[in-house]
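See below for the structure under consideration.
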Amino acid sequence: MKRIAWGITGSGDLIKETYDVMVDIKKRTDIEMMVFLSKEGEVVMKWYHMWNDIQKDFPNFKSEGGPNSPFIAGPLQVGYYDALIIAPATANSVAKIVYGIADTLVTNTVSQTAKGSTPIYILAVDRERGTVKTFSPEGREMELKMREVDVSNTEKLAQMENITVLESPEDIYDIVGLKRK
């Protein structure tokens, strides 16, 4: 694998864990990573005090200017990138993808990439029924109850063509062929 496009949505759940995996992969490989943030992804990076980190670790990241700006979908469609990873993905982004709404940079990129042969991997945060533990920006542990509609949409997402739903950030190691830490 030579090139990965990594999209970040507005999820605080699993953002730190995902970020740590991606930084580790960047350090351990020569994979070129093109990172892009939805508008809310940018908000979450700032809220979780990771804004300075992303500027240092991925200085060429791109922020959403609209559903097709910056232009990412075309290179993904034609196979310039070896994979598209959306991690973590909010329930909102998952619902839009499932129902074909492509009105954000992330959802449009997934929609257009699915028309080609580039594999898509999505780490949906609302994937388990019941409660999950997560952390606030200050590091306080919180318990969240998953809504049935959100879990159901993740299940629908897993049935879509050319999309693999990831169970954890560590699954990204398997995608790139690295041993998990």
Side-chain angles (χ1 to χ4, degrees), residues 1-11 14-15 18-45 54-125 127 153-178:
M1 190 162 294
K2 296 177 185 169
R3 296 182 196 94
I4 293 175
W6 171 32
I8 301 171
T9 71
S11 173
L14 299 177
I15 186 61
T18 301
Y19 192 85
D20 290 346
V21 166
M22 297 306 272
V23 168
D24 184 47
I25 289 169
K26 181 181 177 201
K27 288 178 181 175
R28 293 172 56 196
T29 70
D30 60 354
I31 294 172
E32 175 189 321
M33 285 194 210
M34 188 274 297
V35 181
F36 62 101
L37 289 78
S38 70
K39 289 177 184 176
E40 296 307 314
E42 187 172 324
V43 169
V44 166
M45 293 303 285
I54 198 165
Q55 291 181 67
K56 174 180 57 84
D57 296 328
F58 301 97
N60 295 324
F61 72 90
K62 299 166 182 6
S63 291
E64 178 174 358
N68 206 24
S69 176
F71 186 61
I72 296 167
L76 278 154
Q77 261 184 340
V78 300
Y80 180 79
Y81 292 96
D82 299 301
L84 169 61
I85 298 172
I86 306 297
T90 61
N92 184 54
S93 293
V94 169
K96 286 181 175 191
I97 293 165
V98 166
Y99 289 98
I101 300 168
D103 65 347
T104 69
L105 180 60
V106 169
T107 59
N108 185 56
T109 299
V110 171
S111 173
Q112 297 307 311
T113 301
K115 295 176 182 181
S117 60
T118 302
I120 303 165
Y121 301 93
I122 301 177
L123 176 62
V125 294
R127 64 192 177 288
N153 282 335
T154 297
E155 291 169 346
K156 291 174 186 171
L157 181 70
Q159 300 304 312
M160 294 179 75
E161 248 179 283
N162 201 28
I163 293 177
T164 300
V165 174
L166 304 175
E167 293 296 318
S168 75
E170 290 77 21
D171 290 349
I172 301 169
Y173 286 119
D174 299 334
I175 295 166
V176 300
L178 278 181

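One is the number of the first residue; the rest follow in order along the sequence. Given the structure is predicted, the values throughout are model-derived calculations rather than measurements. FYI, side chains are in, hydrogens and waters are out, and symmetry mates aren't considered; it's all heavy atoms of this structure.
For the pair T118 (side chain) and L76 (backbone), a donor-acceptor distance under 3.5 Å is present. Formation of a donor-acceptor pair under 3.5 Å by the D30 side chain with backbone atoms of K2 is not found in this model. Within the 3.5 Å criterion, the main-chain N or O of R3 finds a donor-acceptor partner in the side chain of D82.
Residue pairs meeting the salt bridge (charged side-chain N to carboxylate O under 4.0 Å, His left out) criterion with at least one member in residues 84-113, sequence neighbours excluded: K96-D103.
Nearest heavy atoms, L37 versus L105: O-CD2, 4.2 Å. Closest approach of A87 to W6, counting heavy atoms only: O-NE1, 2.9 Å. When all heavy atoms are compared, the tightest approach of S93 to T107 is O-CG2, 3.9 Å. In plain terms, the two heavy atoms of S11 and V125 that are nearest each other are OG-CG1, 3.3 Å. Closest approach of T109 and A73 over heavy atoms only: CA-CB, 4.4 Å. Across all non-hydrogen atoms, the minimal contact from G10 to V44 is O-CG2, 3.1 Å.
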Please tabulate, for the side chains in residues 54-63, all donor-acceptor contacts under 3.5 angstrom to protein atoms that are two or more places apart in sequence or on a different chain.
from: Q55; atom 1: NE2; to: W51; atom 2: O; distance (Å): 3.3
from: D57; atom 1: OD2; to: Y19; atom 2: OH; distance (Å): 2.9
from: S63; atom 1: OG; to: E42; atom 2: OE1; distance (Å): 2.8

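To the nearest 0.5 angstrom, D20 atom CG is 11.0 Å from I25 atom CD1. Here OH of Y121 is found 13.0 Å from CD1 of I86. Values are rounded to the nearest 0.5 Å. Rounded to the nearest 0.5 angstrom, T18 OG1 and E170 CD are separated by 8.0 Å. Taking CD of Q112 as the reference point, atom CG of N108 lies at 5.0 Å (rounded to 0.5 Å). Distance check, rounded to the nearest 0.5 Å: CD1 of I120 to CD1 of I85 gives 11.5 Å.
Under 3.5 Å, the side chains of S38 and E40 contain no donor-acceptor pair of N or O atoms.
With sequence neighbours excluded, the residues forming a side chain to side chain contact (heavy atoms under 4.5 Å, CB included) with K156 are V98, Y99, S152, N153, listed by chain and number.
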